[in-house]
S.K.: 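Quick one: the structure is below, questions incoming.
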Amino acid sequence: MTFAKRRVLRNLLLVIATFVLTACGVTAQIAAPKFKVIAIAEAGGIHKPFVDAAKVWLQKEARAGNFSVDYIEDTKLIDAAFLAQYRLFIQLNYPPYNWTPTAAAAFTAAIEHGTIGWIGFHHATLLGEFDGFPMWPWFSRFMGDIRFTQYIPTFATATVNVEAADHPAMKNLPHSFTIENEEWYTWSQSPRHNVHVLASVDENSYVPSTTIKMGDHPVVWSNEHVKARNIYIFMGHHPELLQNAAFTTLFHNSILWAAGQ
């Protein structure tokens with residue numbers, strides 16, 4: 001082989017080696033997400049369409065934000081070691097009952113010690129005695145010392161007013177926005193005295209009008225008495241919410257803030 005041919009071959013090998021190393025580097029970056037999210041949601045039920053839509057939306061968010069999302073459908077796997085794998089816990093309409101004692105203890109410790117962030121939607125405040133299970137007192141306190149009382153079964157469209165525009169979860173949200181066809185829970189009391197209210201619903205804006213009201217009616221809040229970054233978002237019944245720009249902005253902001261990004 002002539003010197004010129006050897007030089008060409010050497011250069012070709014260098015190009016191939018550079019390409020392989022670059023490809024490996026890109027693969028390594030893709031394989032190493034910035035943080036991991038665990039989301040819990042029931043396999044079926046009336047909220048499945050919302051959960052399915054949220055999963056599709058989360059897949060796009062995870063790809064764009066370089067994080068990963070795992071899903072579970074009950075609390076059997078949850079213990080301290082399991083939660084230690086994740087930066088953020090999303091409660092996609094999973095209720096605050098029928099948790100294993102081990103899961104409840106591990107979750108409580110993680111929230112109180114701030115080792116995981118939390119976002120809860122809608123069904124997460126179904127606090128009371130349901131399906132033969134007692135109320136979880138700690139979770140009631142976590143949500144502002146409240147108990148579920150009733151909801152608007154015929155649904156209503158309403159205006160949500162942002163109260164804490166300076167909170168990172170409220171970034172780029174308008175001062176008010178519309179949520180259509182939601183069932184708007186009421187609770188035994190407003191959680192306001194026990195939590196930081198980020199947004200509330202204007203009950204006078206309900207369409208159609210209804211007598212099912214609670215007066216001061218927060219719908220987005222954070223409990224600052226625990227170390228974990230946490231946010232509860234009441235809305236979460238219909239899949240169409242994932243087409244509402246205000247709702248998806250709130251969801252996006254909440255993921256980044258609760259995960260400490």
Side-chain angles (χ1 to χ4, degrees), residues 37 39-62 69 71-74 88-97 118-128 130-131 143 146 148-163 169-170 172-187 191 197-214 217-221 230-255 258:
V37 176
I40 184 169
E42 293 174 291
I46 60 173
H47 294 122
K48 188 177 186 301
F50 170 80
V51 170
D52 289 344
K55 286 181 177 180
V56 172
W57 183 86
L58 276 169
Q59 183 178 16
K60 295 177 182 177
E61 280 287 298
V69 187
Y71 294 95
I72 52 176
E73 295 177 347
D74 56 46
L88 176 62
F89 189 109
I90 300 180
Q91 205 164 321
L92 278 175
N93 281 344
Y94 197 85
Y97 58 85
W118 179 83
I119 305 171
F121 287 94
H122 194 53
H123 216 36
T125 55
L126 191 64
L127 287 153
F130 293 96
D131 300 330
M143 288 293 92
I146 59 173
F148 173 88
T149 53
Q150 58 181 331
Y151 66 101
I152 301 175
T154 54
F155 302 93
T157 295
T159 299
V160 172
N161 295 319
V162 172
E163 295 192 22
M170 301 290 110
N172 297 325
L173 280 172
H175 293 301
S176 62
F177 54 90
T178 301
I179 296 294
E180 297 182 349
N181 299 320
E182 188 54 87
E183 58 182 358
W184 308 107
Y185 288 1
T186 62
W187 299 285
V197 174
L198 307 184
S200 57
V201 63
D202 178 1
E203 294 182 328
N204 293 324
S205 71
Y206 285 155
V207 177
S209 183
T210 176
T211 58
I212 302 174
K213 298 180 179 180
M214 60 177 288
H217 197 159
V219 291
V220 184
W221 65 77
N230 65 88
I231 183 167
Y232 172 68
I233 300 169
F234 163 74
M235 295 77 74
H237 190 85
H238 292 313
E240 288 78 13
L241 277 167
L242 279 304
Q243 300 171 21
N244 182 316
F247 180 82
T248 54
T249 297
L250 175 58
F251 198 170
H252 168 84
N253 291 345
S254 298
I255 289 171

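The basis for the numbers below is simple: all heavy atoms, side chains too, and nothing from hydrogens, waters or symmetry mates. Owing to the predicted nature of the structure, the values given are computational and were not obtained by experimental measurement.
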S.K.: Do you know the tightest heavy-atom contact between W184 and A158?
M.R.: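 Shortest heavy-atom separation between W184 and A158 comes out as CZ2-CB, 3.7 Å.
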
S.K.: Which value, rounded to the nearest 0.5 Å, describes the distance between L58 atom CG and F251 atom CZ?
M.R.: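 Atom-to-atom, L58:CG and F251:CZ are 4.0 Å apart.
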
S.K.: Donor-acceptor pair, distance only, cut-off 3.5 Å: does the side chain of E42 make one with the backbone of K48?
M.R.: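 No; zero donor-acceptor contacts below 3.5 Å.
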
S.K.: Just to verify, which of H123, H217, Q150 counts as forming a side chain to side chain donor-acceptor pair (under 3.5 Å) with Y185?
M.R.: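 That would be H123; it is the only one of H123, H217, Q150 passing the side chain to side chain donor-acceptor pair (under 3.5 Å) with Y185.
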
S.K.: Kindly give the heavy-atom pair with the smallest separation between P208 and F155, and that separation in Å.
M.R.: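 Here P208 and F155 meet closest at CD-O, 3.8 Å.
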
S.K.: Measure from the side-chain N and O atoms of N161 to the backbone N and O of D202, and report whether any donor-acceptor pair falls under 3.5 Å.
M.R.: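 No: the side chain of N161 does not pair with the backbone of D202.
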
S.K.: Step through it carefully: locate the ring centre of H238, locate the ring centre of F50, and say whether they are under 6.0 Å apart.
M.R.: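 Not close enough - the centres of the two rings lie 6.0 Å or further apart.
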
S.K.: Sub-3.5 Å donor-acceptor pair from the side chain of N230 to the main-chain atoms of G120, do we have one?
M.R.: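 No, N230 side chain to G120 backbone: no donor-acceptor pair under 3.5 Å.
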
S.K.: Over all heavy atoms of both residues, which pair between A169 and L173 is shortest? Give the atoms and the distance, please.
M.R.: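 Taking every non-hydrogen atom into account, O-CD1, 4.0 Å.
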
S.K.: Can you tell me how far apart CD (E163) and OG (S176) are? Round to the nearest 0.5 Å.
M.R.: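 One finds 12.0 Å between CD of E163 and OG of S176.
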
S.K.: If every non-hydrogen atom of F247 is compared with every non-hydrogen atom of M235, which pair is closest and at what distance?
M.R.: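 The answer is CE1-O, 3.8 Å.
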
S.K.: Between M214 and E203, what is the shortest heavy-atom contact and its length?
M.R.: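 Taking M214 first and E203 second, the nearest heavy atoms are N-OE2, 2.7 Å.
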
S.K.: Check whether any side-chain N or O of T186 sits under 3.5 Å from a backbone N or O of T149 as a donor-acceptor pair, and report yes or no.
M.R.: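 It does not hold such a pair.
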
S.K.: CG of L250 to CD1 of I179: how many Å apart, nearest 0.5 Å?
M.R.: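 Reported to 0.5 Å precision, the distance equals 8.5 Å.
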
S.K.: So, taking the atom named CZ in F121 and the one named OH in Y232, what distance separates them when rounded to the nearest 0.5 Å?
M.R.: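 Between F121 CZ and Y232 OH, I get 10.0 Å after rounding to 0.5 Å.
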
S.K.: For the atom pair OH (Y71) and CD1 (I40), what is the distance rounded to the nearest 0.5 Å?
M.R.: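 One gets 13.0 Å once the value is rounded to the nearest 0.5 Å.
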
S.K.: Are more than 12 heavy atoms, taken from residues, nucleotides or ligands other than E180, located less than 6.0 Å from that residue's CD atom?
M.R.: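 Result for CD/E180: open.
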
S.K.: Taking the side chain from T157 and the backbone from N181, do they hold a donor-acceptor pair closer than 3.5 Å?
M.R.: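 Answer holds: yes.
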
S.K.: Between K60, E61, Q59, K55, which is the residue that forms a side-chain contact (heavy atoms from CB on, under 4.5 Å) with W57?
M.R.: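 In the set K60, E61, Q59, K55, the residue that makes a side-chain contact (heavy atoms from CB on, under 4.5 Å) with W57 is E61.
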
S.K.: Quick one: CD on E182 to OH on Y206, what's the gap to the nearest 0.5 Å?
M.R.: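 Those atoms lie 9.5 Å apart.
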
S.K.: Indicate the atoms forming the closest heavy-atom contact of A43 with E73, along with that distance.
M.R.: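 Closest approach of A43 to E73: CB-OE1, 3.3 Å.
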
